[in-house]
Every structure is written in structure tokens, then in C-alpha cells.
Amino acid sequence: MRQLIAGNWKMFGKLADIAGFAAAVKTAPAGVDLLICPPFTLLERFAAALAASSVAIGGQDCHATAQGPHTGDISAAMLMEAGATHVILGHSERRADHGENNAVVRAKAEAAIAAGLIPIICVGETEAEREAGEAEHVVRSQLLHSLPSGFAGVVAYEPVWAIGTGRTPTEEDVTAMHAAIRAGLGAQFGAAGSAVRILYGGSVKPGNAATLLALPEVGGALVGGASLQAEDFLAIAQAALRG
Ligand code: 13P
């Protein structure tokens with residue numbers, strides 16, 4: 001399976017950053033899928049800057065309904081209209097900052113799919129949950145309750161304690177969790193579960209990307225901080241080709 005390297009810009013980035021970044025990522029090697037998820041305000045301009053390339057654009061959230069009186073929210077169709085093909089849903093920062101639970105994430109995923117977007121559903125345990133030996137149980141439960149029936153999107157395993165900290169799980173722990181996620185997807189969706197890409201996210205950098213991306217059942221990376229610099233993002237894309 002081709003690997004997907006997705007950049008989550010979170011609440012970073014300015015209009016002035018787009019032209020240089022887009023020009024650089026257009027030079028990315030073939031053989032790896034690239035996706036940038038900038039803040040909403042940059043989506044349309046980013047999509048235009050990347051129009052002649054295979055680099056895709058995505059949102060970082062969408063509402064569970066198609067339209068309505070929801071101040072500050074954005075619908076899946078609006079993301080599509082701005083040029084997005086993907087949307088990140090259920091990121092741990094949204095689960096924490098906005099109280100999004102599995103049912104909310106599932107409803108958003110259904111809305112995204114109905115509008116024609118590919119959802120990237122984030123799952124991952126906290127440090128306390130890992131220390132309590134509950135990491136796999138927590139992640140399996142998130143999968144069971146966040147993924148709608150017939151799910152054909154992407155799953156991103158992002159241990160909360162590895163996000164923005166420079167810490168990553170051991171190779172053994174990533175391997176074990178990705179195997180558990182693959183088994184869970186199989187139990188939930190049968191044969192279709194084997195086609196779901198499982199990304200790893202949490203402190204992916206040029207220096208550790210090749211190792212992480214080479215692990216079994218790692219189908220790409222969801223990259224935060226290192227996706228803001230085109231040079232680092234491209235280095236991770238290169239590492240995917242070796243993974
Ligand atoms: P960092 O790569 O900055 O740790 O962020 C990971 C992440 O949250 C991507 O969604």
C-alpha cells in the first residue's frame with residue numbers, strides 16, 4: 001500500500017507561507033501520497049497553489065450536519081467547496097478542547113463521507129491510560145464507537161502523550177498497537193478493514209520517520225510540527241519511500 005504523509009498545521013500558518021511551501025512540496029517524489037491540512041482560512045488559497053500537483057488538501061474538523069445555525073463551525077460540503085478531499089476528525093486536541101466524544105466523532109465522520117470527503121479518524125491513549133495497561137483497550141473502544149459502519153477512510157493512531165513532546169512509543173509498542181488496530185478493523189468491517197490505512201502520529205520528525213514508517217501496518221504518518229517546514233515535510237515523504 002502506498003504511504004500517506006499528512007501534515008496537520010493545527011492553528012499555525014499564514015497566507016504568506018503558502019506560495020513557498022506549495023512550490024517546495026510540488027517537488028516531492030512520486031510514490032507517496034501527500035496531504036496538507038491547513039487552517040480553514042488558508043484552504044482555498046492552498047488548494048489553488050497546489051492545483052497542478054498531486055498534493056491533496058484537507059480540513060481539520062467539520063460539523064456533523066450539512067448546514068445550520070452553528071456559529072463558528074464549518075460543514076463538510078464547505079470544505080469540499082474550498083478544495084478539500086480529506087478531513088481530520090476526532091483529533092485528541094478537539095476531543096480535549098471541545099469535549100468531542102466518540103459519538104460526536106462518528107456523526108462527523110458520517111457527514112464527511114456523505115459529502116464525499118475521506119475522513120481521517122484519530123485515536124490514541126493518554127499517558128495515564130498507557131501506564132495503567134489500558135492503551136489497547138482504549139484505542140479499540142475508540143475505533144468501535146468513532147468509526148461509522150462501512151468505514152472506508154483512514155485511521156490515525158496518535159498517542160496523546162507523544163503529540164508535540166518529542167517522545168514516541170517504542171517500535172514494539174507501535175507495532176503492537178497497529179496490529180491491534182488492524183485486528184479491530186477486521187473484526188468491525190471484515191475484509192474491508194484490511195484496506196484502511198493506519199497512520200502513526202506523534203512527534204514524527206525527519207530523524208525518526210524512516211524507522212516508524214517501516215514498521216508493520218504503519219501506512220503513513222500524521223505530522224504536526226514537522227509539517228510546517230517544507231524541508232522537514234519533504235524529508236518525511238522521502239523516508240516513506242524507504243519505509
Ligand atoms: P506533532 O507531530 O507536533 O507531535 O503533532 C502530531 C499531531 O498531533 C498530528 O495530528
What are the two closest heavy atoms between Ala226 and Val204, and how far apart are they?
CB-O, 3.5 Å
When you compare the side chain of Phe233 with that of Leu228, does any pair of heavy atoms fall below 4.5 Å?
no
Under 3.5 Å, sequence neighbours excluded: what are the donor-acceptor pairs made by side chains of residues 104-118?
from	atom 1	to	atom 2	distance (Å)
Arg106	NH1	Leu147	O	3.4
Lys108	NZ	Asp61	OD1	2.8
Lys108	NZ	Asp61	OD2	3.3
Lys108	NZ	Cys62	O	3.4
Lys108	NZ	Glu100	OE2	2.7

CG (Leu213) and CG (Leu199) are apart, to the nearest 0.5 Å, by 9.5 Å
Please check: side-chain N/O of Lys10 versus main-chain N/O of Gly225, any donor-acceptor pairing under 3.5 Å?
no
Which heavy atom in Glu158 sits nearest to a heavy atom in Cys122, and how many Å separate them?
OE1-SG, 4.2 Å
Pairwise distance CD1(Ile18) to CG(Leu43) - rounded to 0.5 angstrom
9.0 Å
Sub-4.5 Å side-chain heavy-atom contact between Pro29 and Gln238:
yes
Decide yes or no for Val25 and Leu50: does some side-chain heavy atom of the first lie under 4.5 Å from some side-chain heavy atom of the second?
yes
Do other residues, nucleotides or ligands put more than 12 heavy atoms under 6.0 Å from Arg45 CZ?
no
Can you give me the closest heavy-atom contact between Gln60 and Phe40, atom names plus distance?
N-CE2, 4.0 Å
Under a single-linkage definition using a 4.5 Å side-chain heavy-atom cutoff for Ile, Leu, Val, Met, Phe, Trp and Tyr, are Val55 and Phe12 assigned to the same hydrophobic cluster?
yes
Answer yes or no: is there an ion pair linking Arg140 with Glu125, defined by an N-O contact shorter than 4.0 Å?
no
Find out if a path of hydrophobic residues (ILVMFWY) with successive side-chain heavy-atom gaps under 4.5 Å connects Val154 to Ile163.
no
To the nearest 0.5 Å, how far apart are CD in Gln3 and CD1 in Ile5?
6.0 Å
Non-hydrogen side-chain atoms of Gln188 and Leu143 separated by less than 4.5 Å
yes
Using the rule that two of Ile, Leu, Val, Met, Phe, Trp, Tyr join whenever any of their side-chain heavy atoms come within less than 4.5 Å, decide whether Ile88 and Ile74 are in one cluster.
no
Should we say atom CD of Glu81 is surrounded by more than 12 heavy atoms from elsewhere, each under 6.0 Å from it?
no
Is there a side-chain contact between Val196 and Phe151, using heavy atoms and a 4.5 Å cut-off?
yes
Just checking, is any N or O donor in the side chain of Glu172 or Thr175 under 3.5 Å from an acceptor N or O on the other one?
no
Measure the OG-CD distance between Ser141 and Glu136 for me, rounded to the nearest 0.5 Å.
13.0 Å
Tell me the closest heavy-atom pair linking Asp232 and Pro206, and the distance in Å.
OD1-CG, 3.7 Å
At what distance, to the nearest 0.5 angstrom, does NE2 of His63 lie from CG of Leu79?
12.5 Å
Side chain Arg182, main chain Gly193, donor-acceptor under 3.5 Å
yes
Evaluate the side-chain proximity of Thr85 to Ile57: yes if any heavy-atom separation is below 4.5 Å, no if none is.
no
If you take all heavy atoms of Thr65 and Ser75, which pair is closest and at what distance?
O-CB, 3.9 Å
Asn208 side chain to Lys205 main-chain N or O, any donor-acceptor pair under 3.5 Å?
yes
For atom NE2 of His70, is the number of surrounding heavy atoms from other residues, nucleotides or ligands below 6.0 Å larger than 12?
yes
Listed partners of Trp9 passing ring pair (Phe, Tyr, Trp, His ring centres under 6.0 Å), at least two apart
Phe21, Phe46
Do Leu15 and Ile36 share a hydrophobic cluster, counting only Ile, Leu, Val, Met, Phe, Trp and Tyr and linking them when any side-chain heavy atoms are less than 4.5 Å apart?
yes
Examine distances only and state if a side-chain atom of Arg167 and a backbone atom of Ser203 form a donor-acceptor pair shorter than 3.5 Å.
no
Single hit among Asn102, Val160, Asn101 for side-chain contact (heavy atoms from CB on, under 4.5 Å) with Arg95:
Asn102
Tyr157, Val155: one ILVMFWY side-chain cluster at the under-4.5 Å cut-off?
yes
With Ser54, which residues qualify under side-chain contact (heavy atoms from CB on, under 4.5 Å), at least two apart?
none
Roughly how far, to the nearest 0.5 Å, is the CD1 atom of Ile181 from the CD atom of Glu217?
10.0 Å
Shortest non-hydrogen contact between Leu212 and Val174, atoms and distance
CD2-CG2, 4.1 Å
Is there a side chain to side chain contact (heavy atoms under 4.5 Å, CB included) between Met177 and Arg130? Walk through the geometry before answering.
CA-CA 11 Å; Met177 185 60 85; Arg130 175 157 287 275; 3.9 Å; yes
Got a donor-acceptor contact below 3.5 angstrom from the Tyr200 side chain to the Gly202 backbone?
yes
